[in-house]
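What follows is one structure encoded as structure tokens, with my remarks underneath.
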Amino acid sequence: KAGVTQTPRYLIKTRGQQVTLSCSPISGHRSVSWYQQTPGQGLQFLFEYFSETQRNKGNFPGRFSGRQFSNSRSEMNVSTLELGDSALYLCASSPGTGKDTEAFFGQGTRLTVV
Amino acid sequence: AQSVTQLDSQVPVFEEAPVELRCNYSSSVSVYLFWYVQYPNQGLQLLLKYLSGSTLVKGINGFEAEFNKSQTSFHLRKPSVHISDTAEYFCAVSASKIIFGSGTRLSIRP
């Protein structure tokens with residue numbers, strides 16, 4: 001079974017631009033969560049989608065948005081990029097939304113904003 | 001609300017020595033507890049999880065953790081570490097969503 005796939009793996013963008021990151025969950029998984037990982041702030045929850053609906057949202061500005069498609073694939077978008085958005089963005093998929101459910105992580109997309 | 005505190009940001013240890021990575025949590029509701037490992041330039045991988053039952057949980061790569069409800073702790077242990085255990089370890093608590101601790105970087109000295 002293929003794991004969680006995130007594309008691209010690396011990305012360099014200029015301040016003010018926008019970016020879209022993609023996540024393909026494990027086949028059969030309907031829940032997708034996004035996290036931002038930085039050396040200073042650690043792993044911070046961005047949002048969670050289940051069956052194309054956003055279930056939870058972290059404490060990030062409106063520049064960060066996401067969506068989930070009917071095939072469970074998910075995208076997150078960051079508009080008007082700032083230098084502080086440089087981070088590793090991790091996507092995780094789960095079969096469901098129960099709190100006992102393990103999250104399976106992709107390798108991440110490393111975004112550098114210059 | 002839930003929170004997780006990993007008490008050590010870095011833990012250096014000699015190869016073949018035992019190690020304990022500490023984790024404390026707080027929550028007003030019942031939670032499930034996890035330990036994840038992140039190797040360099042990789043995503044996170046589940047080491048072990050506590051859902052219910054025995055408070056001693058065994059995971060992959062020889063790691064184990066003990067759930068202590070009275071002390072609200074879930075410390076991770078390994079009796080003898082190897083160079084390949086060099087990684088960052090994250091404790092996590094799951095209620096409505098998964099909340100991760102700040103991570104503990106384990107460095108192994110030969």
Side-chain angles (χ1 to χ4, degrees), chain A residues 2-10 21 23-26 29 31-50 53-60 66 87-112, chain B residues 1-10 21 23-25 27-54 57-60 63 65 67 74 87-106:
Chain A
V4 178
T5 304
Q6 291 189 246
T7 56
R9 286 292 311 277
Y10 301 92
L21 311 182
C23 172
S24 293
I26 292 172
H29 285 194
S31 174
V32 173
S33 298
W34 289 89
Y35 295 83
Q36 181 196 65
Q37 186 178 24
T38 58
Q41 300 296 318
L43 270 162
Q44 294 192 88
F45 172 77
L46 279 156
F47 25 65
E48 178 192 5
Y49 288 87
F50 180 78
T53 301
Q54 188 179 87
R55 292 189 72 248
N56 276 303
K57 189 176 190 307
N59 190 24
F60 278 81
L88 180 67
Y89 289 88
L90 291 166
C91 166
S93 77
S94 303
T97 58
K99 61 183 185 181
D100 60 340
T101 304
E102 174 188 349
F104 294 81
F105 283 82
Q107 291 187 296
T109 294
R110 185 164 296 281
L111 171 65
T112 302
Chain B
Q2 301 82 39
S3 67
V4 182
T5 303
Q6 290 185 244
L7 298 158
D8 307 295
S9 59
Q10 294 188 66
L21 306 184
C23 172
N24 285 90
Y25 70 94
S27 177
S28 55
V29 299
S30 63
V31 296
Y32 297 108
L33 296 159
F34 303 80
W35 274 99
Y36 284 84
V37 60
Q38 185 177 34
Y39 298 104
N41 299 313
Q42 298 292 319
L44 276 69
Q45 177 185 359
L46 182 71
L47 270 179
L48 48 79
K49 60 184 176 183
Y50 173 77
L51 303 182
S52 64
S54 172
V57 182
K58 294 192 183 297
I60 62 171
F63 283 93
F67 170 63
F74 190 53
E88 190 155 18
Y89 293 79
F90 293 90
C91 181
V93 59
S94 176
S96 57
K97 57 182 183 286
I98 298 178
I99 302 295
F100 287 89
S102 54
T104 297
R105 195 172 296 277
L106 178 61

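The chains referred to below are lettered A, B, ... by the order of the sequence lines, with proteins before strands, and numbering in each begins at 1.
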Highest number of heavy-atom pairs under 4.5 Å with chain B: which of Gln41(A), Gln107(A), Arg110(A)? Gln107(A)

Which bit of Ser30(B) comes within less than 4.5 Å of chain A, counting heavy atoms only: side chain, backbone, both or neither? both

Relative to chain B, which segment of Ala92(A) carries a heavy atom at a distance below 4.5 Å: side chain, backbone, both, or neither? neither

In this structure, CD of Gln44(A) is separated from CD1 of Ile99(B) (nearest 0.5 Å) by 10.0 Å

Proximity breakdown for Glu48(A) and chain B, heavy-atom pairs closer than 4.5 Å: side chain

Is it the backbone or the side chain of Leu51(B) that comes under 4.5 Å from a heavy atom of chain A, or both, or neither? side chain

Answer whether the closest heavy-atom distance between the side chains of Leu43(A) and Gln38(B) falls below 4.5 Å. no

Is it the side chain or the backbone of Gln37(A) that comes within 4.5 Å of chain B heavy atoms, both, or neither? side chain

Is Tyr35(A) in contact with chain B via its backbone, its side chain, both, or neither, using a 4.5 Å heavy-atom distance? side chain

Working to the nearest 0.5 angstrom, can you tell me the gap between Phe104(A) CZ and Leu46(B) CG? 7.5 Å

Within the structure provided, determine whether Tyr36(B) and Glu102(A) are in side-chain contact (heavy-atom separation under 4.5 Å). yes

Go through Ala92(B), Ser102(B), Gly43(B) and name the one with the most non-hydrogen pairs under 4.5 angstrom from chain A. Gly43(B)

